[in-house]
Number of protein chains: 2
Amino acid sequence: MTQTKTDPRVIRTRKLIMDSFITLSEGKEFKDITVKDITAEAMINRATFYHHFEDIYDLLEKALSEVLLVNLDSDTYRNDELNEETFVKIFEAVTNFQTSLSNRCHRGYEDTIARIIREQLEVLFHKLLVKQKGIGQEGALKTTAVMLSWGIYGASVEWKRNSQASPEEFIKAAVPYIEHGIHFNK
Amino acid sequence: MTQTKTDPRVIRTRKLIMDSFITLSEGKEFKDITVKDITAEAMINRATFYHHFEDIYDLLEKALSEVLLVNLDSDTYRNDELNEETFVKIFEAVTNFQTSLSNRCHRGYEDTIARIIREQLEVLFHKLLVKQKGIGQEGALKTTAVMLSWGIYGASVEWKRNSQASPEEFIKAAVPYIEHGIHFNK
DNA sequence: GGTGATTTGTCGCTTATGCAACACATTCCG
DNA sequence: CGGAATGTGTTGCATAAGCGACAAATCACC
């Protein structure tokens, strides 16, 4: 690990930008937020924004990823097994995230958000699977991770649309079937 | 006015420091707050702190001044006459400030706080008096400003200790007598 | 009192951020 | 339509902020 420590100014600036973006998101939709707005709110120069992010979509991506990961990290990486409990927690994180963000600010960008969530989930599942099943079957694990990420995301959409059940109950109903297929436990 | 515009980084850094100081003040007393705490909270380097403030007492001074001035500015500078209304508003600003800060965080620093308030008031009164009475009697106006600042501060202490009256009623009772002496209206 | 651990200020050198100006898109409105 | 206004990215040079080390002061605990 050649961990070259990042300059604290970078961390601070990123945080200022992210926070400003989230603040502004509470007031208006994504499409109405300009880079100028963000940099003004964050009290940084516009050029500095572009030093950290490709463009505003890149910011959306990274901001959402971070928000989602904050939910996941603490609960999941602690006990790093992909068992039922972990599975439920991941699902809950996604539904939390969905309900907290999707009703405001991002009309017209559901697809982007969906993609971001799936990508994050895919990475997460892949990590967990590799840790559990070991390496040497990369292709299979990758595919499994992809399927799980799509599955979880789809389930969250379905849950949001129809279900009065708690996320936990909702997803637990499906766990046995999935489990049979992917063999949660070694 | 050779208004050399201040670097936005300076403004931002000052704000970060001030905000952090106020945040920390809500948690512990002034004497327990270190420069390190502040800079950590503000996400800036300790050396940078000293680039903006002499020491932590200097910060206290400037932070309090600012908080007080925020109360005063908007209400007072608009209609820039030193009439009864303005007088009452200033008194209310001071009592608000006193009650919001003095019960927490600053035990043992009442004197410092008192001095800061008086200095701010003195500057304010002096400005208002000069604007109203014109220049050419500097000494007298200066002295008047000093007396008013001490008077208002003393009244706020007295009000805090004894009175159940509103600040407005409390100070209005004294206005006629003061007015007689200093001729509020041209 | 003494000794080790913090905290405080200060320093030269490095680096991220600000500026101002630019060409280019996009939007808005008469 | 046309042009004014606003937003987007990019650039080279100016500057505030970070680093790490330092001596001195202060604090804490025996």
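To find a chain, count down the sequence lines: A is the first, B the second, and so on, and within it residues start at 1.
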Taken to the nearest whole Å, CG/B/Asp32 to P/D/dC27 is 11 Å
Taken to the nearest whole Å, CD1/A/Ile33 to P/D/dT8 is 11 Å
Of C/dA20, D/dG18, C/dT17, the nucleotide closest to the side chain of A/Ala47 is C/dA20
query: For the residue pair B/Phe125 and B/Phe87, does the interplanar ring angle fall in the parallel (under 30°), tilted (30 to 60°) or perpendicular (over 60°) class?
result: tilted
task: Give a yes or no on whether a donor-acceptor pair under 3.5 Å exists between the nucleobase atoms of C/dT17, that is its base, and the side chain of A/Arg9.
output: no
Is any side-chain N or O of A/Arg12 closer than 4.0 Å to OP1 or OP2 of D/dG18? yes
A/Leu16 atom CG is separated from D/dA17 atom C1', nearest whole Å, by 14 Å
Within-4.5 Å side-chain heavy-atom neighbours: A/Asp37 and A/Lys28 = yes
Note to self: Surrounding CE of A/Met147 (heavy atoms of other residues, nucleotides or ligands, distance under 6.0 Å), is the total greater than 12?
What the structure shows: no
Taking D/dA16, C/dT15, C/dT17 as options, the one with an atom nearest any side-chain atom of A/Asp7 is C/dT15
| query | With a 4.5 Å limit on heavy-atom distance, are the side chains of B/Thr39 and B/Thr48 in contact? | reply | no
Atom CG of A/Asp55 and atom P of C/dC24 are separated, to the nearest Å, by 20 Å
Rounded to whole Å, CG of A/Asp58 lies from P of D/dT8 at a distance of 14 Å
ask   = Heavy-atom distance under 4.5 Å between the side chains of A/Glu61 and A/Glu119, does that happen here?
value = yes
Check your understanding: Do B/Phe170 and B/Glu158 touch side chain to side chain, with heavy atoms closer than 4.5 Å?
Key -> yes
Here the distance between atom C1' of D/dA17 and atom NZ of B/Lys15, to the nearest Å, is 19 Å
With the side chain defined as heavy atoms from C-beta on, A/Tyr50 is closest, among D/dG18, C/dG9, D/dG9, to D/dG9
Rounded to whole Å, the NE2-P distance (A/His52 to C/dA16) equals 9 Å
Here the distance between atom P of C/dT17 and atom CZ of A/Phe53, to the nearest Å, is 11 Å
Interface polar pairs with nucleotides 3-7 of chain C, N/O, under 3.5 angstrom:
unit_1	atom_1	unit_2	atom_2	d
C/dT7	OP2	B/Lys36	NZ	3.1

Considering only heavy side-chain atoms of B/Asn45, the closest of D/dG18, C/dG9, C/dG18 is D/dG18
Closest non-hydrogen atoms of B/Ser149 and B/Glu122, given as atom of the first, atom of the second and distance, are CB-N, 3.6 Å
Exercise. Tell me whether the OP1 or OP2 atom of C/dT17 has a side-chain N or O from A/Thr13 closer than 4.0 Å.
Key: yes
